[in-house]
Amino acid sequence: MEEDEFFGEKTFQHFCAEFIKHSQEIGDGWEWRTSKDCSEGYMCKIHFQIKPGMLMSPPGTSAHVQTCLPMEEALELPLDDFEKTETTTGSKVIKYEYHVLYSCSYQVPVLYFRASFLDGRPLALKDIWEGTHECYKTRLLQEPWDTITQQEHPILGQPFFVLHPCKTNEFMTPVLKNSRKINRSVNYITSWLSVVGPVVGLNLPLSYARTASQDEGNVN
Amino acid sequence: MAEESESGLQLPPSTAAEGEGPTEVSPETATPEPPSSAAVSPGTEEPAGDTKKKIDVLLKAVGDTPIMKTKKWAVERTRTIQGLIDFIKKFLKLVASEQLFIYVNQSFAPSPDQEVGTLYECFGSDGKLVLHYCKSQAWG
């Protein structure tokens, strides 16, 4: 009965596969990657944002670049547009990487993330926090190390920031229990990521909501 | 989609819901004061329609989150999820360390700046938008 809250690597991979299927349908950019020996895998997304407060480019230089986009919207422009923008105007473009891994010890998914400028300089955590939605900022700034730590990526071996997983079950369990009560299955990954993503500047498009939950036995 | 008759969410005020004894907050004793003028108001007489400015939102509690005595609210289309969260937190008198999450389709948390109007267009039915809310002490 408790299986839904704690799940194994296989279930994790299944939910990730479903999630990525939808990501591909809407061009949201998530990919599955495996470790060298293919025993483990994780989801990965890279996106680029303009550092807030900077104009992207003077009007007329780039037709497909909007000026003064709110941070959350500057997500979907293709890579080469940003490279051109960066060199012509000196705007700061930031590359965000989000990885979703499975934690054997906590038996829940974990969000790893890092950010860097295009020249490879990493962003400090405090700069990443500036990209965090207002509502989470207060809490994060008060107790940052309770929720975000820096750790070595288990597969890549590089330093990433990590949203600590120890409390994941606390907010996931009521949602899962509620859905079970009415015979709906929940894609744990979709649901979980929709909650934790915004904390670190990752917003899931609304269309994922349809895939987050469905009637058991129904195939949409 | 869950209807109002499902278990656990419609218990009368004198009964503890979900076995955890959540506080029932009624409008008579805790009058809601929305942060901005009339952006959220009890949805008793306001008709919801696609052409009207306000959306009928039905709020349902998840887990041991306190149940709001007034569940149906008329909310402006442009109200964000974050605005709604702040409102519910105030209404339920949650402390600062408590987080509140709002879900559509009972499982998906829209981005904080998502507008109620957009959510209604995607997930509304029978003239209303059902949102589930859940409190948590936790993060991560």
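Worth saying up front: this structure is predicted, and the values here are computed from it rather than measured. So that the names make sense, note that chain A is the first sequence line, chain B the second, and so on, each numbered from 1.
- A salt bridge links B:E121 with B:R77; the closest basic N to acidic carboxylate O contact falls under 4.0 Å.
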_Could you go through B:L131 and B:L58, starting from their C-alpha distance and side-chain angles, then the distance that decides it, and tell me whether this counts as side chain to side chain contact (heavy atoms under 4.5 Å, CB included)?_
CA-CA 6 Å; B:L131 295 176; B:L58 183 60; over 6 Å; no
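- Contacts between A:V186 and chain B at a heavy-atom distance below 4.5 Å involve the side chain alone, from C-beta outward.
- Interface remark: A:T190 contributes backbone and side-chain atoms alike to the contact with chain B (heavy atom separation under 4.5 Å).
- Options A:A209, A:A212, A:S207, A:G197 differ in how many heavy-atom pairs under 4.5 Å they form with chain B, and the most are formed by A:A209.
- The aromatic rings of A:F160 and A:H153 sit tilted relative to each other, their planes meeting at an angle between 30° and 60°.
- Side-chain rings of A:F19 and A:W192 stay apart, their centers remaining 6.0 Å or farther from each other.
- Of the two parts of B:C122, the backbone and the side chain both hold a non-hydrogen atom closer than 4.5 Å to a non-hydrogen atom of chain A.
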